[in-house]
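Below, each value reflects all heavy atoms present in this structure, side chains not excepted, and no hydrogens, waters or symmetry copies.
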Amino acid sequence: MTERIEKLLKTLRSHEYKKQRTTKKYSFDNELKGLNKYMCSVKRLSCMLENEKPLFIENDRIGFYRYIPQIPTYSLPNGRTVEWHEGNITPDYDKAISNGFKKILENINESKNQNRTEEQLQFLEAQEFAINAVLEYCKKYREAAKENGLTELYNALGKIPYNGAETFYEALVFLKILIYTLRLSAMAHITIGRFDRYMEKYFEADLKRGVSEEELFEYIEEFFISINFDSDTYQGVQLGDNGQSLVLGGCDQNGEYKFTKLSRMCMEASIELNIIDPKINLRVDKNTPDELYILGTRLTKRGLGFPQYCNDDIVIPGLVKLGYTLEDSRDYTVAACWEFIIPGKGRDIPNQKSFNVPLVIRNATINWLERCKTFDVFQAKVIEEIRKECDKLISESNNRTDPPAPYQSIFVNDCIERAADSTEGGAIYNNYGFHGSGIACGADALSAIKKCVYEDKTISQSELLKALETNFENNEELRSKLLACPRMGNNDDYADELGNFIMQEYSSYLNGKKNNKGGIFRAGTGTAQMYIWDAKNTKATADGRYDYEPYGASYSPSLLTKPDGPLSIIKSFTKFDLTNIINGGPMTLEIHDSTFRNEDGVTKVAMLVKAFIKNGGHQLQLNSINRDILIDANQNPEKYPNLIVRVWGWSGYWKELDNVYREHILRRVEYSI
């Protein structure tokens, strides 16, 4: 680590830079009066930029930090108040950085000269207005850089973002400008996408020009640090839930797998820096060499909760099944947490709703159990409840309307050519995704009902219903019988096949249904925060779970299950054809940090990841944790200022998490290998 990087890290961790920000609260209601819906959006952005003050971090060459931490709401002409725009998209960074805003302005003018309606012209004029506002601010920032003696940044801003970048450094600054301005336009969860793909040409060009690998590595680390400074100003459930996911590796559009020198440097930078952003996602497949899994495990060892692994062998055919082209499917990236999206072409909303599996199984139990003489008949009623819940969520989703986002639409392909906002049909893909929370909990509930009520007949239907309604009060013996039944995660076909049944019925019914944006619905296995939020709406379930008790995080065993080990979990959770439930949602495993203390342990974890991929897993995230340390950190937070954990699809600092998430992480099973 160079001296420059050490100083930047020290500044980041001191939080002293936050003192440069203003505490003033802004409102731009007067400036937006009488404007059309598109101009309202970009006028707020321009007002933000007019009031932003160029800030610099000592020793930094990237720039573009927030002066105004809070973005004010605004009202559309119809009276609707807009705070944040739906995110979880990956802009077409490649096109923007390569062409510059000059070329984009030319494209807008060409589109304006077509036979356009008044509304289409308003949209294009708003985009033009937004770009000019950004360019004007960059001029102001350039002059401030000159005044502060930042010659390298001053020179770069003399070219970009008006023109395209030529060097790796210019491309990094351009990328930061895009992140900064998109966030200022109130876009939530803007992801970084396939960084090693769109930055590769600048990286290679610099190498040919004689720039050293050491200098390029320093640029990478500096950029990674720079995107951490303002992450506390981003919208999210918790600090850290900011969407700054970055994807490495994976095949190109011709199907050829690539993991380049730049890819490796990004991994090594993340290992060295040990900070929460960017959150690394590593695309792998059945031919991925062992040494890449070992490199990934060295990053896991740092305790950051990433890389998250994505299996091209499952994801790509799964996306093709949903109607994405093969070429686009090969180019997939991930949204803020894990959901699979297409960079530059999609306005998918992959976290539209959560399908609450335990609640569905509970509803079927309460409504139908006493009337079903056989388990097969009961299962048929479960199918009815699954479809009923899907229909309800579909109906709610199809009432959705989104405020226009003309600045963000600049970076979504075809919006300019169609003269249509990405929220109004301008994007190529407009699909909705559902999470699937508590799948294992639902499977375990069905397992207990099948065994105790129908097969062994140790619990009557009425006894179970009473226990569920009373939260097992004075009935621990009955609850113990439920807990002793086969459970998903122990490689037991009895429970696993019931999990497969749930996923099959849920995904086959939901996938492909049409939404109100001309797209479709997609089923997934993720939970995001819904392992807490959905559980708060769900009373006791037949797996022995108490009222409102949390589910397991994403695609993982119930918190009530004590699996035989991680390999048994992998075998249980890869029996289903996961190409059929591909909205996203990783298997989540906690590995005790002692496992990583020698090379043998690192290799064993790497081979566990490989086994997951070989067995047909779709996504995997590993947390290196030590419960004793976490408990001590609760009692002595000053000893662990930089302790990081994986929460769901993101990583955050332990000291900043709400207690409900800390408690959940402490309840997860730690495995040693």
Quick one: does Q619's side chain have a donor or acceptor within less than 3.5 Å of a partner on G585's backbone?
yes
To the nearest 0.5 Å, atom CG of L282 lies from atom CE of M267 at 5.0 Å
To the nearest 0.5 Å, how far apart are CG in L304 and CD1 in I275?
9.0 Å
Identify the heavy atoms of A495 and M488 that sit nearest to each other, and give their distance.
CB-N, 3.5 Å
Is there a side-chain contact between W648 and Y661 (heavy atoms, below 4.5 Å)?
yes
Looking at F434, is R522 sitting on its ring face, NZ or CZ under 6.0 Å from the six-membered ring centre and within 45 degrees of the normal?
no
Within this structure, what is the CD1-NE2 distance for the pair I532 and H664, rounded to the nearest 0.5 Å?
5.0 Å
I'd like to know if the side chain of Y309 pairs up with that of N281 as donor and acceptor (distance under 3.5 Å, no hydrogens or angles considered).
no
Any donor and acceptor pair, going by atom type alone, linking the side chain of N626 with main-chain N or O of D628 inside 3.5 Å?
yes
When the ring planes of Y198 and F195 are compared, do they come out parallel, tilted or perpendicular, using 30° and 60° as the limits?
perpendicular
The criterion is salt bridge (charged side-chain N to carboxylate O under 4.0 Å, His left out); which residues satisfy it with R13, sequence neighbours excluded?
none
Using a 3.5 Å distance criterion without hydrogens, assess whether the side chain of T297 forms a donor-acceptor pair with backbone atoms of T300.
no
Could you give all pairs that pass the ring pair (Phe, Tyr, Trp, His ring centres under 6.0 Å) test and reach residues 559-588, with sequence neighbours left out?
Y555-F573
If you measure only the distance, is there a donor-acceptor pair under 3.5 Å linking the side chains of S572 and N491?
no
Checking T288 side chain against V284 main chain: does a donor-acceptor pair fall under 3.5 Å?
no
Could you please spell out the steps behind the side-chain hydrogen bond (donor to acceptor under 3.5 Å, both in side chains) verdict for Y257 and D252?
CA-CA 6 Å; Y257 186 87; D252 61 18; over 6 Å; no
Would you list the pairs meeting salt bridge (charged side-chain N to carboxylate O under 4.0 Å, His left out) in which at least one residue belongs to residues 552-578, sequence neighbours left out?
K321-D577, D493-K575, D496-K575
Nearest-0.5 Å distance that lies between atom NZ in K279 and atom CG in L246
11.0 Å
Is there a side-chain contact between I591 and S624 (heavy atoms, below 4.5 Å)?
no
Would you call I190 and N88 a side-chain contact if the rule is heavy atoms closer than 4.5 Å?
no
Taken to the nearest 0.5 Å, the spacing of L8 CG from R4 CZ works out to 7.0 Å
Below 4.0 angstrom, N of the basic side chain to O of the carboxylate: do D658 and R662 qualify?
no
Output, in order, the C-alpha distance, side-chain angles, deciding distance and verdict of side-chain hydrogen bond (donor to acceptor under 3.5 Å, both in side chains) for N242 and D277.
CA-CA 9 Å; N242 54 45; D277 286 317; 2.9 Å; yes
Does the side chain of L446 come within less than 4.5 Å of I361's, by heavy atoms?
yes
How close do S554 and W338 get, counting heavy atoms only, and between which atoms?
OG-CH2, 3.1 Å
Quick one: does any side-chain atom of K176 pair with a main-chain N or O of G63 as donor and acceptor, under 3.5 Å?
yes
Within a 6.0 Å radius of atom CD on E638, are there more than 12 heavy atoms belonging to other residues, nucleotides or ligands?
yes
According to salt bridge (charged side-chain N to carboxylate O under 4.0 Å, His left out), does anything in residues 582-593 pair up with another residue at least two apart or in another chain? List the pairs.
E590-R668, D593-R597
Applying side-chain contact (heavy atoms from CB on, under 4.5 Å), can you list everything that pairs with A535, at least two apart in sequence or on another chain?
R545, Y551
Where do L207 and K261 come nearest, in terms of heavy atoms and distance?
CD1-CD, 4.4 Å
I'd like to know if the side chain of E339 pairs up with that of N583 as donor and acceptor (distance under 3.5 Å, no hydrogens or angles considered).
no
Qualifying ring pair (Phe, Tyr, Trp, His ring centres under 6.0 Å) pairs, either residue in residues 582-603, two or more places apart:
none
Could you work out, with salt bridge (charged side-chain N to carboxylate O under 4.0 Å, His left out) as the rule, every residue matching R21, not counting sequence neighbours?
D230, D232
Qualifying residue for side chain to side chain donor-acceptor pair (under 3.5 Å) with T233, from R183, R66, K18:
R66
Not counting sequence neighbours, which residues clear salt bridge (charged side-chain N to carboxylate O under 4.0 Å, His left out) with R646? List them please.
none
Salt bridge present between K7 and E58 (N-O < 4.0 angstrom):
no
ring-ring contact (aromatic ring centres under 6.0 Å, His included) partners for F612, two or more places apart:
none
Can you confirm whether the side chains of T538 and N356 place a donor and an acceptor under 3.5 Å from each other?
yes
In terms of relative ring orientation, are F355 and Y506 parallel, tilted or perpendicular, with 30° and 60° separating the classes?
parallel
With distance as the sole criterion, is a donor-acceptor pair present between the side chains of S263 and D196 under 3.5 Å?
yes
Side chains of N642 and N274: closer than 4.5 Å at any heavy-atom pair?
no
Can you see which heavy atom on P358 is nearest to which on S437, and at what distance?
CD-O, 3.3 Å
Mind checking the CD1-CG spacing from I225 to L273? Nearest 0.5 Å is all I need.
5.0 Å
Taking only residues two or more places apart in sequence, or in another chain, which ones meet K655 in a salt bridge (charged side-chain N to carboxylate O under 4.0 Å, His left out)?
none
List the residues meeting side-chain contact (heavy atoms from CB on, under 4.5 Å) with L483, not counting sequence neighbours, and say none if there are none.
R479, R487, L560
Is there a donor in the side chain of S245 and an acceptor in the side chain of H189, or the other way round, less than 3.5 Å apart?
no
Salt bridge (Lys or Arg N to Asp or Glu O under 4.0 Å) between E256 and R330, worked out
CA-CA 9 Å; E256 182 182 349; R330 286 171 169 168; over 6 Å; no
Taking every non-hydrogen atom, the tightest pair across Y65 and I57
CE1-CG1, 3.5 Å
Backbone N or O of G617 within a donor-acceptor pair of the N615 side chain at under 3.5 Å?
no
Please list all pairs meeting ring pair (Phe, Tyr, Trp, His ring centres under 6.0 Å) that have one or both residues in residues 272-304, counting only residues at least two apart or in different chains.
none
Under a 3.5 Å cutoff, is there a donor and acceptor pairing between the side chains of T11 and E16?
no
Least distance between heavy atoms, C485 atom then A448 atom
SG-CA, 3.7 Å
Do I502 and V357 touch side chain to side chain, with heavy atoms closer than 4.5 Å?
yes
Between R302 and E272 (salt bridge meaning N to carboxylate O under 4.0 Å), is one present in this structure?
no
Is it true that a side-chain atom of K639 and a backbone atom of A633 form a donor plus acceptor pair closer than 3.5 Å?
no
